[in-house]
Participant: 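Let me begin by handing over the structure; questions about it come next.
In listed order, ligands and their atoms are each counted from 1. Throughout, residue positions are numbered sequentially from 1 according to the sequence presented. Every value quoted in this text rests on a predicted model; they were computed, and no experiment measured them. What's counted below: heavy atoms across the whole structure, side chains too, no hydrogens, waters or symmetry copies.
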Amino acid sequence: MRKAVKTKEMNNAELILSGEGRIYHLNIHAEDIAPTILLVGDPQRVPVVSAHFDKVEFTAHKREFVTHTGYLGGKRISVVSTGIGPDNIDIVLNELDALFNIDFKQRAPKEVHTPLTFIRLGTSGSLQADIPVDSIVLSAFGLGMDNMLHSYKDSPKVRERAMEEAFISHTQWLMDKGHPYIVKGSEALLEKLYTPAVFKGITGTAPGFYAPQGRKLRLAPQDEQLNEKLASYTFEGHRITNMEMETAAIYGLSRLLGHQALSMNAIIANRPLGTFSADPGKAVEKLIQYALSIVTNDK
Ligand code: R1P
């Protein structure tokens, strides 16, 4: 049996680079990306966002990962699509971090850390009747109902344990589904991006779209009361406002990697009322305009 060779450097199967030195999935070099990065789920949302840039200087596309980099109000900025789900966030955040914080020649972390800013511009379903379709929700916390973050050794250090325990007890969470995790977003970014025109709260991040978000087509969800339980949970004045599939994973990895993150979502469905936006594209456009007007204006 061949013995695995263990070196201090990240090997070719760990840090995977193309022949031209591009990171594996995103297929880009470090110089192709700015340290302020807008993350969107849908690859087709990338050109919708970059249409607002004064100039787009770089574009790339591999699988569901589309990257545009340009300038807006004198600030260099990138927009990257993540596709759907926490598993994709694992790929995108690690690769974006690697582009800045790993020396690809040495195959080792750089001595000087470059902090990044991630702002998710997503779509989501409201869990509260008073948060209507076409409104905007900023995530003060991400509540992970997926298990991705638990694979990282230091994840317990970034989690809000008291909030988690209260959540488990309130929902009588079935541990077969894994331990829910709660991570705070960047307080500085929340302060910068919050105005009374939008909502803020805890955003639930589910590992799927149907039963994991309490939807029933032909298969019954494990917990038929999931959404009511989520909606009625409160902790020190915070309530769960909405549910989608990326925020908690972005918050967890950003904290572990030393970056700042804030997630903002256009509400396109209201789950308790059973309604869906008549024009989701318009709701997303409103979110983009709201975010970009603040991101480029250092309030
Ligand atoms: C599900 O339809 C997808 O839409 C939401 C969910 O989080 C999930 O990714 O966000 P995006 O519109 O940003 O993809």
Participant: Quick one: does Arg215's side chain get under 4.5 Å of Arg271's, heavy atoms only?
Facilitator: yes
Participant: Would you mind listing every salt bridge (charged side-chain N to carboxylate O under 4.0 Å, His left out) that reaches into residues 122-137, with sequence neighbours excluded?
Facilitator: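 Passing the test, one end in residues 122-137: Asp130-Arg239.
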Participant: Nearest 0.5 Å, what's the CG-OG1 distance between Leu39 and Thr82?
Facilitator: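 Taking CG in Leu39 and OG1 in Thr82, the distance rounds to 6.5 Å.
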Participant: Looking at Gln172, I'd like to know if its CD atom is crowded, meaning that more than 12 non-hydrogen atoms belonging to other residues, nucleotides or ligands lie closer than 6.0 Å.
Facilitator: no
Participant: When you measure from the centre of the six-membered ring of Phe53, is the NZ or CZ of Lys75 closer than 6.0 Å and no more than 45° off the axis?
Facilitator: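 Not satisfied by the 6.0 Å and 45° rule.
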Participant: Name the residues with a heavy atom less than 4.0 Å from ligand 1?
Facilitator: Gly41, Asp42, Arg45, Ile84, Arg120, Gly122, Thr123, Phe209, Glu244, Met245, Glu246
Participant: Per the side chain to side chain donor-acceptor pair (under 3.5 Å) rule, which among Asn265, Thr247, Asn242 passes with Ser124?
Facilitator: Asn242
